[in-house]
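What's counted below: heavy atoms across the whole structure, side chains too, no hydrogens, waters or symmetry copies. What you see is a predicted model, and the numbers here were worked out from it, not measured in a lab.
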Amino acid sequence: MHSIFIMKRSNNYLLYSIFIITFFAYLPSLFCDFTNWDDGVNLTQNIFISEISIQNLKAIFTQSFAGMYVPLTMLSYSIDNLIGGLDPLIFHLSNLILHLLNIFLLYKFIFKLTDKKNAALIAALLFALHPMNTESIVWISTRSTLLFTLFYFLCINYYIDFIKQKKQKYLLYGVLFFILSLFSKSQAMTLPLTLFVIDFWFRRKINRNIFLEKTPFFILSILFGFLTIIFREEAGHINPAAIFTIFDRIILSAYSIGIYILKFIAPLDLNAFYPIPEKNGILLPAEYIFFAVLAIIALIVFIKFIKKNRIICFGVLFFLVSISVVALKIIPFGHQVIAERYAYLSYSGLFIIAGFYSDKLFSQQEILKRILFRNILSVIVILYIVFLGVQTFLRIDVWKNSESLYSDIILKKPGIALPYYNRALARAEAGNYSGAEKDLTMAIHSKHYLTDDVPKFYLNRGNVFKKLGKYERALSDYIKATNLNPSYSEAFYNIGNLKMTTNDILGAKVAYEKALRFNPDFSIANTQLGILYIKNNDTIQAISCFNKAIKSDSLNTDALFNRGVIYLFRKDYFAALQDFSRILSLDPGDAQSWYNSGL
């Protein structure tokens with residue numbers, strides 16, 4: 001009894017040690033900044049996380065963000081914002097805490113599954129430090145991955161309790177946590193199939209009841225699957241692979257699974273962006289076909305030995321099922337063939353295999369007796385863990401800020417438009433306009449972009465030229481943007497602003513009107529057109545423009561202010577006071593509105 005107590009206490013200490021090692025390994029992440037890769041739409045520019053209110057909660061639960069339906073993730077951002085405002089440290093700390101919780105839940109899951117604490121500890125350590133997981137932890141916008149995995153693990157832990165104890169309440173808890181997982185990220189929709197993999201492990205007989213108990217899981221999974229397709233299609237995330245045939249997509253799927261497995265073993269040359277390849281005529285590049293052949297061979301071997309080794313079978317099935325929704329390219333999402341964040345949950349199956357066999361290897365009496373061999377093996381394992389920790393540390397530094405992130409992508413995958421474009425935006429925001437100009441020029445001349453992206457590159461390079469005082473080159477780029485996209489309202493709006501800067505009032509009016517022709521709800525275009533009418537002393541038309549601007553965007557303080565000033569000069573003090581009061585409710589520090597209210 002005493003030895004069992006000591007062993008239990010020792011295992012607890014080892015688990016606590018994993019938590020401490022992980023915290024210090026990821027400590028540098030707390031000092032990383034936001035990036036401009038989805039952190040804008042999700043966080044820094046997202047008005048719906050500014051406060052927890054009925055209106056914001058309604059918005060969070062009824063719309064998508066960056067093409068994803070993730071209401072619980074958005075709610076977690078709101079809580080972080082409530083605690084510390086838009087301080088990236090708070091958001092990074094929350095991500096790290098979620099990762100620590102997931103380490104614990106993975107440990108519990110594997111221990112419940114195998115009754116082997118050492119195997120569970122080894123798997124938890126690998127999960128804690130594997131550099132492929134760094135993206136999910138350090139990139140704040142991938143909070144959804146951490147959160148859905150948390151509830152996913154809770155669900156399968158309770159499902160095992162249901163199998164072992166035959167109590168319906170545990171199945172009900174599982175359904176509840178599955179719903180929370182889906183509300184965190186739709187990638188959780190693979191869970192019903194994962195439950196069958198767990199049934200396989202426990203040798204449950206396939207009968208009518210085993211399917212009936214999973215009915216709510218499948219209904220929820222199908223529902224959220226349709227929601228995902230709708231939101232992704234609205235965001236334009238389904239089109240990129242339209243040029244690929246079904247045969248191509250099968251090859252891409254096999255390639256992605258092969259790369260995930262390769263990077264599990266040797267996590268080298270990690271990258272935040274793995275672009276979909278260009279076809280050489282009718283064929284994909286040779287490396288993709290090579291991996292497809294390997295995957296087919298591996299599948300044949302796996303099927304042949306499926307009944308001979310349950311732990312490998314379980315781990316591989318868990319990996320394949322949980323990654324299937326993102327690895328299989330039948331419905332092509334996004335611009336990437338793989339993404340490191342997608343491995344966060346699915347690698348758990350491979351960690352189970354690694355933990356089980358590491359424990360088995362070190363438990364063999366022959367190994368224990370051969371001291372030299374045991375020591376050599378121990379050194380190899382320790383060096384591998386250190387290697388994982390070092391790689392993780394280096395990946396954290398890559399995510400320090402937008403410029404470091406995109407510079408790393410460009411170094412490893414030159415010639416791709418997206419990282420040049422995003423780095424240009426970061427450089428422009430930092431005032432490095434010459435660097436931004438060079439990056440935008442590279443983006444324009446890159447081969448790897450969608451045709452619809454090109455006008456955006458010209459538009460932003462035009463903005464940079466304007467900042468540099470190169471007005472003719474700015475106008476030229478804006479015109480190129482409208483030539484490529486004749487209904488590009490933002491480009492016409494920018495032409496209007498440039499015309500205003502050069503005091504071409506008539507040209508500005510024409511440009512603003514074109515912008516509004518293609519987008520009548522373009523609030524800031526209506527605002528600028530209203531200001532132009534003020535310059536021409538046409539307050540009636542100006543009021544009309546400001547009314548339209550405010551109708552499109554009730555938070556447009558520029559339109560409110562200018563309309564309030566007109567009301568003030570008309571001596572309509574009540575209407576003026578309403579506008580200035582509205583501004584002050586949004587921005588209590590607006591000194592000019594306070595002054596005008598006093599008038």
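- Salt bridge absent: Lys400 and Asp33 never bring a charged side-chain N and a carboxylate O closer than 4.0 Å.
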Q. Does the ring-ring contact (aromatic ring centres under 6.0 Å, His included) test come out yes or no for Tyr159 and Tyr173, once each step is laid out?
A. CA-CA 8 Å; Tyr159 186 71; Tyr173 294 157; over 10 Å; no

Q) Checking side-chain contact (heavy atoms from CB on, under 4.5 Å) for the pair Phe65/Phe48: CA distance, chi angles, key distance, verdict? A) CA-CA 11 Å; Phe65 296 85; Phe48 301 116; 3.9 Å; yes

Q: For Asn95 and Val138, run side-chain contact (heavy atoms from CB on, under 4.5 Å): C-alpha distance rounded to whole Å, both residues' side-chain angles, the deciding distance at 0.1 Å, then the answer.
A: CA-CA 7 Å; Asn95 274 21; Val138 183; over 6 Å; no

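- Remark: side-chain polar atoms of Asn36 are paired, donor with acceptor, to backbone N or O of Asn422 under 3.5 angstrom.
- Between Phe264 and Phe351, the distance from one ring center to the other falls under 6.0 angstrom.
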Q.
The test is side-chain contact (heavy atoms from CB on, under 4.5 Å); show your working for Phe31 and His92 and say whether it passes.
A. CA-CA 8 Å; Phe31 307 101; His92 282 298; over 6 Å; no

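- Distance alone, capped at 3.5 Å, is enough to place a donor-acceptor pair between the Thr392 side chain and the Leu129 backbone.
- Judged by distance alone, with hydrogens and angles left aside, the side-chain atoms of Ser50 form no donor-acceptor pair with the main-chain N or O of Asn46 at under 3.5 Å.
- Residues Phe318 and Ser346 come closest through the heavy atom pair CD2-O, 4.2 Å.
- Looking only at distances, a side-chain donor or acceptor of Asn102 sits under 3.5 Å from a matching main-chain atom of Leu146.
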**Q.** Derivation of the side-chain hydrogen bond (donor to acceptor under 3.5 Å, both in side chains) call for Asn133 and Ser136
**A.** CA-CA 6 Å; Asn133 288 343; Ser136 299; 5.5 Å; no

Q) Does the side-chain contact (heavy atoms from CB on, under 4.5 Å) test come out yes or no for Arg423 and Ile410, once each step is laid out? A) CA-CA 10 Å; Arg423 189 173 71 174; Ile410 290 166; 3.5 Å; yes

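- Of the possible polar contacts, one joining the Thr142 side chain to the Glu135 backbone as a donor-acceptor pair under 3.5 Å is found.
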Q: Walk me through it: do Asp248 and Tyr288 pass the test side-chain hydrogen bond (donor to acceptor under 3.5 Å, both in side chains)?
A: CA-CA 9 Å; Asp248 291 333; Tyr288 289 83; over 6 Å; no

Q: For Asp590 and Thr557, run side-chain hydrogen bond (donor to acceptor under 3.5 Å, both in side chains): C-alpha distance rounded to whole Å, both residues' side-chain angles, the deciding distance at 0.1 Å, then the answer.
A: CA-CA 10 Å; Asp590 191 316; Thr557 54; over 6 Å; no

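- Taking all atoms of both residues into account, the shortest heavy-atom contact from Met68 to Ser144 is CE-OG, 3.9 Å.
- Look at Asp408 and Arg395 and you find a salt bridge, because one of the NZ, NE, NH1 or NH2 atoms lies within 4.0 Å of a carboxylate O, short of that distance.
- Across all non-hydrogen atoms, the minimal contact from Ala343 to Met132 is CB-CE, 4.1 Å.
- The two residues Leu560 and Ser554 come nearest to each other via the heavy atoms CD1-O, 4.0 Å.
- Geometrically, Lys413 does not engage Tyr274 in a cation-pi contact, judged by NZ or CZ lying under 6.0 Å from the ring centre and within 45° of the ring axis.
- Remark: side-chain polar atoms of Ser78 are not paired, donor with acceptor, to backbone N or O of Ile52 under 3.5 angstrom.
- Salt-bridge formation is not detected for the pair Glu437/Arg461: no Lys NZ or Arg NE/NH1/NH2 atom is positioned less than 4.0 Å from an Asp or Glu carboxylate oxygen.
- Side chains of Ser322 and Tyr152: no donor on one and acceptor on the other come within 3.5 Å.
- Note that the CD atom of Gln187 and the OG1 atom of Thr145 stand 6.0 Å from one another [nearest 0.5 Å].
- Salt bridge Arg582/Asp579: absent, no basic N to carboxylate O contact under 4.0 Å.
- Relative ring orientation between Phe492 and Phe518 is described as parallel, the plane-to-plane angle staying below 30° on a 0-90° scale split at 30° and 60°.
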Q | Candidate pair Phe465 and Tyr433, rule ring-ring contact (aromatic ring centres under 6.0 Å, His included), full reasoning | A | CA-CA 8 Å; Phe465 283 138; Tyr433 297 116; over 10 Å; no

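- Between Phe177 and Tyr158, the distance separating the two ring centers is shorter than 6.0 angstrom.
- Judged by distance alone, the side chains of Asn519 and Tyr493 never bring a donor and an acceptor atom under 3.5 Å apart.
- Residues His130 and Tyr347 come closest through the heavy atom pair CE1-CE2, 3.9 Å.
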Q: Please step through ring-ring contact (aromatic ring centres under 6.0 Å, His included) for the pair Phe457 and Tyr421, ending with a clear verdict.
A: CA-CA 7 Å; Phe457 301 155; Tyr421 173 69; 5.1 Å; yes

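- Closest non-hydrogen pair, Phe522 versus Ala515, comes out as CD1-CB, 4.3 Å.
- Taking the six-membered ring for Trp and the full ring otherwise, the centers of Phe91 and Phe34 sit less than 6.0 Å from each other.
- In this pair, Tyr260 and Phe319 present their aromatic rings perpendicular. The plane angle is above 60°, beyond the 30 to 60° band.
- Checked against Phe127 for a ring pair (Phe, Tyr, Trp, His ring centres under 6.0 Å), the options Tyr344, Phe104, Phe109 give a single hit: Tyr344.
- Note on Lys551 versus Asp521: no salt bridge recorded, every NZ/NE/NH1/NH2 to OD/OE distance being 4.0 Å or above.
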